[in-house]
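A quick write-up on the structure given underneath.
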Amino acid sequence: MSPPATRRPLAAVRGVDVPPFYTSRIARRATELRQAGRAVIPMHFGAPTAGTPPGVRAAAARALADDPNSYFESRALIERIGRHYRDSYGLDIDPARIQLTAGASAGLVAAFAALFHPGDRIAVGRPGYPAYRNALRALGRETVEIDLDAASGYRLTVAHLDAVPDPLHGLLVASPANPTGAMLDAATLEALAQRCRERGVRLISDEIYHGISFGERAVSALEVDDDVVVINSFSKLFRMPGWRLGWMVAPATLAPRLSAYVINCFLTPSALAQHAALAAFDDPAELAATVEVYRANRALLLTQLAAAGIDDLVAPDGAFYLYLNVAHLTDDSLAFCERLLEDTGVAAAPGVDFDPVGGHGAIRLSFAVSADEAVRAAVLLREWLERQPGR
Ligand SMILES: Cc1ncc(COP(=O)(O)O)c(C=O)c1O
């Protein structure tokens with residue numbers, strides 16, 4: 001049947017294009033290889049391979065028996081998060097300032113939408129977590145990328161901020177950062193917060209890797225300034241990435257506005273996840289033991305990769321990633337990761353996800369794996385890197 005004469009072709013899609021996570025291609029191939037019986041070491045996504053802590057799974061099983069089938073916002077969890085700020089940072093946070101979100105991802109989108117106007121300029125470090133840039137782009141906000149380099153430990157400073165011309169409306173910092181693990185000390189965070197105040201720039205602090213550090217503990221932006229928006233999540237330290245649960249802390253004046261955005265865009269996070277997460281704080285020894293595994297993995301990989309000729313190795317202060325310069329071996333980090341996976345079963349993330357400019361010669365390895373996986377990966381990576389032309 002021919003279409004009616006009045007029917008017009010659909011207009012072209014009018015939304016802005018955002019790039020995919022190229023790491024997803026590695027993830028898909030890793031799954032195929034695994035299904036075909038190959039041993040794969042998953043160092044591509046930032047998903048701890050130790051799995052959800054047993055106490056959390058047990059709490060979820062109990063909650064499931066009561067059918068947590070409704071929209072739900074756990075007051076108990078919000079209060080427990082408030083206690084976490086008292087215990088871990090000595091901070092008294094009014095629970096009214098805490099908003100639960102479906103992972104840090106939803107918190108970031110809500111903050112970008114609620115706090116900025118289309119066309120506003122928000123500064124982020126490069127290399128950095130790709131969704132900052134891509135979500136801002138999807139929302140019509142402009143990302144101003146600040147180049148960070150290995151020589152300065154990938155740390156964002158006031159000098160970087162001062163080099164960004166006006167107008168500037170937001171600054172997003174992450175400490176520890178993805179993909180570099182770089183941390184900002186209290187003095188740097190305080191100086192950044194102060195300059196943001198002077199320039200009328202809204203400061204957002206992504207603290208999703210707090211609790212995972214290898215020297216000093218990470219400082220929360222809330223310790224240096226009350227007028228910041230903090231994003232956090234159960235995905236990393238608490239090993240619950242698939243549960244899709246996070247939180248944000250906002251100044252009292254902004255909390256209702258952020259809550260309205262969260263509810264309109266995402267309703268509530270998973271009720272089951274909220275029940276389960278109450279138990280996440282109950283077993284600090286389990287979490288600390290996992291961080292000790294990461295510490296040993298980090299040391300082992302740093303030694304083995306240096307021996308395999310990887311230069312500019314920056315030892316991460318926190319999080320669970322190594323960001324490697326492999327520019328002497330490739331100018332196509334995705335193809336490089338594909339080859340690495342096919343040859344060795346080690347899945348890595350291509351640097352181009354984190355840095356569209358300089359990341360073609362870089363890869364990111366997650367060491368949130370077991371000690372055994374790290375030992376195997378270190379051997380496989382070293383042998384493979386030593387065989388590469390250009391070495
Ligand atoms: C720096 C950073 N922020 C936010 C996220 C998103 O985390 P979530 O799983 O809580 O949505 C990630 C995930 O890897 C991340 O690395």
Side-chain angles (χ1 to χ4, degrees), residues 20-24 26-27 42-49 51-52 56 77 81 98-112 122 124-136 138 143 145 148 154-156 170-184 204-213 218 220-221 229-249 262 265-266 268-270 273-274 276-277 280 294 316-323 347-351 353-355 359 364-369:
F21 273 31
Y22 293 104
T23 307
S24 302
I26 301 297
M43 304 176 93
H44 52 309
F45 280 150
T49 65
T52 309
V56 174
L77 183 59
I81 291 170
I98 299 172
Q99 173 70 45
L100 299 174
T101 58
S105 303
L108 286 165
V109 169
F112 294 162
I122 294 99
V124 302
R126 183 178 66 209
Y129 181 54
Y132 300 153
R133 182 179 0 103
N134 297 340
L136 284 166
T143 306
E145 292 190 291
L148 306 173
Y154 296 111
R155 291 191 186 86
L156 200 154
L171 170 68
L172 173 50
V173 294
S175 168
N178 176 7
T180 61
M183 264 166 50
L184 305 179
I204 301 175
S205 177
D206 182 343
E207 304 188 350
I208 185 172
Y209 292 101
H210 273 220
I212 307 169
S213 56
S220 171
V229 173
V230 162
I231 307 281
N232 211 323
S233 166
F234 287 91
S235 292
K236 307 298 178 180
L237 172 67
F238 300 101
R239 308 197 326 241
M240 299 175 63
W243 297 78
R244 311 308 306 131
L245 184 62
W247 73 88
M248 59 208 302
V249 183
V262 167
C265 297
F266 308 104
T268 62
S270 148
Q274 294 179 63
Y294 300 163
D317 306 316
F320 40 57
Y321 305 114
L322 291 173
Y323 193 61
D353 262 343
F354 311 98
D355 179 353
R364 186 198 73 178
L365 293 171
S366 161
F367 53 84
V369 294

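In this chain, residues are counted from 1 in sequence order. When a ligand or atom number is given, it counts from 1 through the structure's own listing order.
Checked by distance only, ligand 1 and Arg244 come closer than 3.5 Å through their nitrogen or oxygen atoms.
Residues Tyr321 and Asn178 form a side-chain contact, since some pair of their non-hydrogen atoms from C-beta on lies under 4.5 Å apart. Residues Phe354 and Thr180 are not in side-chain contact: their nearest non-hydrogen atoms beyond the backbone lie 4.5 Å or more apart. A 4.5 Å side-chain heavy-atom check between Val109 and Phe266 finds at least one atom pair inside the cut-off.
Under 4.0 Å from ligand 1, not a single heavy atom of Trp247 appears. For Tyr209, every heavy-atom contact with ligand 1 shorter than 4.0 Å involves the side chain, none the backbone.
Rounded to the nearest 0.5 angstrom, Ile231 CD1 and Ile208 CD1 are separated by 9.5 Å.
Counting only heavy atoms of the protein, atom 11 (O) of ligand 1 lies nearest to Ser105 OG, 2.5 Å. When only non-hydrogen protein atoms are considered, atom 14 (O) of ligand 1 lies nearest to Lys236 NZ, 2.8 Å. Summary of contacts: the protein heavy atom closest to atom 2 (C) of ligand 1 is Asp206 OD2, 3.4 Å. Remark: minimum distance from atom 7 (O) of ligand 1 to any protein heavy atom is reached at Ile208 CD1, 3.2 Å. In terms of protein heavy-atom proximity, atom 12 (C) of ligand 1 is closest to Tyr129 CZ, 3.4 Å.
Atoms of ligand 1 found under 4.0 Å from any heavy atom of Tyr132, numbered from 1 in the order shown, are 1 (C). Close approach of ligand 1 to Asn178 (heavy-atom distance below 4.0 Å) involves ligand atoms 1 (C), 15 (C), 16 (O). Less than 4.0 angstrom separates some heavy atom of Ser235 from each of these atoms of ligand 1: 8 (P), 9 (O), 10 (O). For ligand 1, the atoms closer than 4.0 angstrom to any heavy atom of Gly103 are 10 (O), 11 (O).
Not less than 6.0 angstrom separates the ring centroid of Tyr129 from the ring centroid of Tyr209.
Under the side-chain contact (heavy atoms from CB on, under 4.5 Å) criterion, Pro241 pairs with Ala47, Pro48, Ser235, not counting sequence neighbours.
No heavy atom of Phe234 sits closer than 4.0 Å to any atom of ligand 1.
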Salt bridge (charged side-chain N to carboxylate O under 4.0 Å, His left out) evaluation trace for Arg155 with Asp317: CA-CA 11 Å; Arg155 291 191 186 86; Asp317 306 316; 2.9 Å; yes
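Nearest heavy atoms, Leu171 versus Ile122: N-CG2, 4.4 Å.
Across Gly242, Ser366, Ser233, heavy-atom proximity to atom 10 (O) of ligand 1 is greatest for Ser233. Selection from Pro130, Ala135, Ala174, Ala104 by nearest heavy atom to atom 8 (P) of ligand 1 gives Ala104.
The backbone N or O of Gly103 sits nowhere less than 3.5 Å from a side-chain atom of Arg244 that would complete a donor-acceptor pair.
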